[in-house]
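What you see is a predicted model; the values in this text were computed from it and never measured. Heavy atoms only: backbone and side chains are in, while hydrogens, waters and symmetry mates are out.
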Protein chains: 2
Amino acid sequence: MTVSTNRNMRAGAPSQEEIRRQNLGALLRFVHERGQISRAELTSELGLNRSTIGALTADLTEAGLVTEEAPRETGRAGRPSLVVRAMSESIYAYAVSVEVDQIRVARIGLGGVLLDQRSIPRPRGSIAGTIDPITTFIKQMAGEGRCVGAGIAVCGMVRREDGMVHLSPYLGGAVDEPIADSLRERLPELLPQVAVANVADLCALAEHTRGVAAGCDNFIYMYGDVGVGAGIVAGGHRVTGHGGYGGEVGHMVVNPVGRPCGCGSKGCWETEIGEHTLLKLAQSTDIGAQAVLAVVDRASRGDHIAQAAVRQVGDWLGFGVANLVNIFNPELVIFGGTLRDVYLASAAQVRSKLNSIALAATREHVRLRTPALGSDGALIGAAELAFQQLLNDPLA
Amino acid sequence: MTVSTNRNMRAGAPSQEEIRRQNLGALLRFVHERGQISRAELTSELGLNRSTIGALTADLTEAGLVTEEAPRETGRAGRPSLVVRAMSESIYAYAVSVEVDQIRVARIGLGGVLLDQRSIPRPRGSIAGTIDPITTFIKQMAGEGRCVGAGIAVCGMVRREDGMVHLSPYLGGAVDEPIADSLRERLPELLPQVAVANVADLCALAEHTRGVAAGCDNFIYMYGDVGVGAGIVAGGHRVTGHGGYGGEVGHMVVNPVGRPCGCGSKGCWETEIGEHTLLKLAQSTDIGAQAVLAVVDRASRGDHIAQAAVRQVGDWLGFGVANLVNIFNPELVIFGGTLRDVYLASAAQVRSKLNSIALAATREHVRLRTPALGSDGALIGAAELAFQQLLNDPLA
DNA sequence: TTGGGTTTGTTGTCGGCGATAACAATTCAG
DNA sequence: CTGAATTGTTATCGCCGACAACAAACCCAA
């Protein structure tokens with residue numbers, strides 16, 4: 001169904017079955033995140049005995065999830081440790097990214113390997129016909145082995161309870177779409193499970209797992225397209241909020257005397273730093289990510305109008321980020337989507353605002369970065385979401 | 001030292017020792033939170049077998065942490081289940097609350113029972129002489145049994161790393177105080193452990209454990225005195241941030257053209273809804289929590305100046321809360337400290353701002369409440385903090 | 001090439017923990 | 001007072017990881 005995961009039943013009384021599950025999960029998660037890892041490393045990282053690691057890997061091997069093979073070069077004295085590798089070709093998930101101007105579908109193997117990928121442009125304003133191309137792509141890419149399900153990243157609000165997607169008004173009116181359920185009904189035998197989440201959240205998850213935010217437990221991923229959203233990780237946990245609508249920072253009001261926003265309020269952050277505003281300020285007649293890139297490019301070439309536009313947007317970007325930094329005290333802020341280029345072109349403004357608004361204690365330890373996974377973050381995060389269930393209970 | 005707790009070593013490979021620790025901890029936590037609970041309830045709540053519960057309680061009884069006794073009235077057929085009660089008189093913690101205008105110290109038994117309490121007014125502007133009265137009170141209240149340590153709630157920023165307290169500029173200049181370490185050095189044999197945290201965070205913890213936020217995993221506790229802070233719980237975890245400075249919402253800029261703030265920025269939320277502004281708007285010459293109460297009282301009696309002041313502050317209060325609601329999508333917002341009375345007097349303004357600014361999806365499921373524990377929240381939360389270590393590993 | 005040192009996989013045994021089942025204890029309904 | 005219902009208690013069992021001993025495989029030096 002939806003996200004699920006959290007086995008946090010507040011009672012938390014582990015019994016013997018669960019200890020096995022958790023250890024298998026921890027081991028498989030290591031293999032998944034590092035692609036391949038030696039048994040010797042596993043013993044030290046997991047803090048378990050050699051014999052236990054042996055038994056666990058044997059179980060996972062029997063289940064067809066991992067393989068063991070002799071290492072290429074040892075380098076050190078002593079018996080070389082077997083390398084445990086994820087069965088990336090036969091254990092896989094589908095990753096779907098429903099973005100503003102395109103739909104992407106990928107098949108991603110355990111370990112985070114991109115096996116196959118397709119995409120199709122997405123006409124703005126049209127909401128119908130989202131499921132069809134996804135279904136087609138998935139059928140086309142069907143491979144050998146075992147599919148654990150699909151993860152979907154959407155540029156809209158996702159209700160945690162049932163995975164209902166509330167698409168942004170920009171995309172042709174406010175529409176509630178049960179994308180996950182629809183997809184599962186279409187391909188019941190192919191997809192044992194379909195999970196949905198917000199793009200920003202999944203980009204954050206991806207960067208957390210295998211990007212710039214690796215090992216970082218307090219960070220914010222700012223994602224911009226037409227609107228603005230944030231994937232927030234605090235204390236190592238995704239901030240989803242009660243209904244699943246956490247991180248909707250785009251409608252934080254930053255300018256009480258600002259322009260009206262599509263949400264009914266006015267002066268929302270989104271109206272100050274969104275694609276629409278930047279393009280309008282830069283007197284661009286085009287729209288979309290390419291248009292944003294063009295404006296940034298014009299600015300870098302000395303176009304004064306574009307420069308002024310970028311500076312103004314950068315000021316508001318820094319303003320909002322400074323507020324978020326005060327609230328969350330993160331270690332890292334990542335600028336993704338179109339905000340990546342906007343940030344790169346206006347880093348001075350952003351830093352300046354941060355210095356004048358954020359408290360010294362919170363500002364001094366913040367790193368501002370761009371994504372390590374580029375635009376693949378959403379897909380990798382979606383796959384990560386689909387793999388969660390397997391990683392929590394490998395032998396289910 | 002500082003907060004500690006989180007046994008989240010990312011590897012997370014539980015062995016047999018840990019399963020016992022966790023089960024003992026889970027059982028003791030239930031007893032602690034409910035004061036007393038029957039063994040039958042424990043079996044169903046923890047999902048463990050009767051015999052296991054018996055063994056666990058036997059261990060805890062032997063350690064002197066709990067007692068078992070026959071129930072008063074059964075009401076149902078069948079053998080009456082033994083009631084497990086916390087040894088509140090002999091297992092206790094000290095709770096300290098360093099507030100703007102007073103210092104409070106309490107002795108609180110396991111199960112959350114208030115055993116003893118003292119307080120002393122705190123002259124504003126003076127920072128020295130905080131440790132002395134605390135030390136004296138603790139010595140005076142020393143009781144029989146085992147003390148697990150002390151928890152301190154402070155109206156200032158607490159660095160997680162080492163528990164260093166950065167007191168608000170309002171309290172006599174920015175001063176870094178190692179309160180926890182100082183106290184532990186003073187009473188090394190009495191206090192095996194001293195933990196510090198922010199007042200708002202601890203009020204949140206208290207309300208989460210035994211207040212209006214019981215069973216609620218996404219909520220915000222707004223605490224106001226001279227400044228404004230928030231204790232934020234997201235997904236059941238406290239949002240502390242990377243350095244421990246999470247929740248410093250008071251310096252979120254809400255009014256880009258607002259008044260300068262002590263932090264160097266201007267238009268901070270704190271300058272719009274803080275005690276100082278309310279009193280100035282209401283033309284009050286007094287200061288402190290009593291003065292705030294007086295203004296609210298004047299407003300309720302029809303004083304137009306006070307009413308206007310309360311309305312204006314209420315507007316900004318609602319503005320900021322709406323932004324936080326958009327960011328966190330909480331289930332509950334609690335108004336504590338002086339904000340309690342401000343909120344009660346301006347609930348209409350707060351709701352109105354919420355309706356006009358917050359997204360429908362996030363706003364509709366938010367409950368606005370006042371604390372169930374009143375002004376004792378900070379003390380109870382501080383004790384809760386001190387008990388964490390015991391609850392995580394009862395037989396350490 | 002050979003032997004020592006080193007590191008790791010494998011095997012068998014052991015202790016600990018919770019589940020299970022059978023029995024004893026206690027209460028209530030009639 | 002008897003039977004039904006519920007719970008505490010005890011003994012046994014299965015499972016899991018720790019531990020120790022041994023075997024395997026590598027590096028290095030003579």
* Asked: Just to confirm, is there a sub-4.0 Å distance from OP1 or OP2 of D:dC15 to any side-chain nitrogen or oxygen of A:Arg21?
  -> no
* Structure fact -> Picking from C:dG9, D:dG17, C:dA19, the nucleotide nearest the side-chain atoms of A:Leu82 would be C:dG9
* Just how far, in rounded Å, is P of D:dC19 from CD1 of A:Ile53? -> 14 Å
* **Cationic N near anionic O, under 4.0 Å, B:Arg34 to B:Glu45** => yes
* To do: Please report, rounded to the nearest Å, how far the P atom of D:dG8 is from the CG atom of B:Leu48.
  => 14 Å
* Ignoring the backbone of B:Arg50, work out which of C:dT11, C:dT8, C:dA22 is nearest its side chain. => C:dA22
* So, the side chain of B:His208 versus the backbone of B:Cys216: is there a donor-acceptor pair under 3.5 Å, distance only? -> yes
* Is A:Arg85 salt-bridged to A:Glu69, going by a charged N under 4.0 Å from an acidic O? -> yes
* Looking at A:Arg79, does any N or O in its side chain come under 4.0 Å of the phosphate oxygens OP1/OP2 on D:dA23? -> no
* For a side chain to side chain contact (heavy atoms under 4.5 Å, CB included) with A:Val84, tell me which candidate from A:Val31, A:Ile53, A:Leu56 qualifies. => A:Val31
* Between B:Arg20 and D:dG17, does any side-chain N or O lie under 4.0 Å from OP1 or OP2? -> no
* Structure fact -> Walking DNA chain C from its 5' end, the first of B:Ala77 and B:Leu56 to be reached, judged by nearest nucleotide, is B:Leu56
* Could you give the CD-to-C1' distance, from B:Gln22 to C:dC17, as a whole number of Å? -> 13 Å
* A:Gln16 side chain: which of D:dC27, D:dG17, D:dC15 is closest? -> D:dC15
* Does OP1 or OP2 of D:dT7 have a side-chain N or O of B:Arg76 closer than 4.0 Å? -> yes
* What nucleotide among C:dG18, D:dA5, C:dT26 has an atom nearest to a side-chain atom of B:Pro80? -> C:dT26
* Donor-acceptor pair present, B:Glu17 side chain and C:dG16 base, under 3.5 Å -> no
* To do: Measure from CG on A:Asn49 to P on C:dT11 and round the result to the nearest Å.
  => 14 Å
* Asked: Between C:dG12, C:dC17, D:dG8, which nucleotide has the shortest distance from any of its atoms to the side chain of A:Ser51?
  -> C:dG12
* To do: Mark yes or no for a side-chain to base donor-acceptor pair under 3.5 Å between A:Thr52 and D:dC16, with no hydrogen or angle criteria applied.
  => no
* **Atom pair distance, as rounded to whole Å: CZ in A:Arg39 and C1' in D:dA25** => 14 Å
* Are A:Asn23 and D:dG17 close enough that a side-chain N or O sits under 4.0 Å from OP1 or OP2? -> yes
* Is the backbone of B:Leu110 close enough, under 3.5 Å, to the side chain of B:Ser88 for a donor and an acceptor to pair up by distance? -> yes
* So, is B:Thr43 near the phosphate of D:dT7, with a side-chain N or O under 4.0 Å from OP1 or OP2? -> no
* To do: Quickly work out the A:Leu42 CG to C:dT8 C1' distance and round it to whole Å.
  => 13 Å
* Round to a whole Å and report the spacing from CG of A:Leu46 to P of D:dA18. => 10 Å
* Distance in angstrom units between A:Glu18 CD and C:dC17 P, rounded -> 17 Å
* Asked: Are a donor atom and an acceptor atom from the side chains of A:Gln388 and A:Arg29 found within less than 3.5 Å of each other?
  -> yes
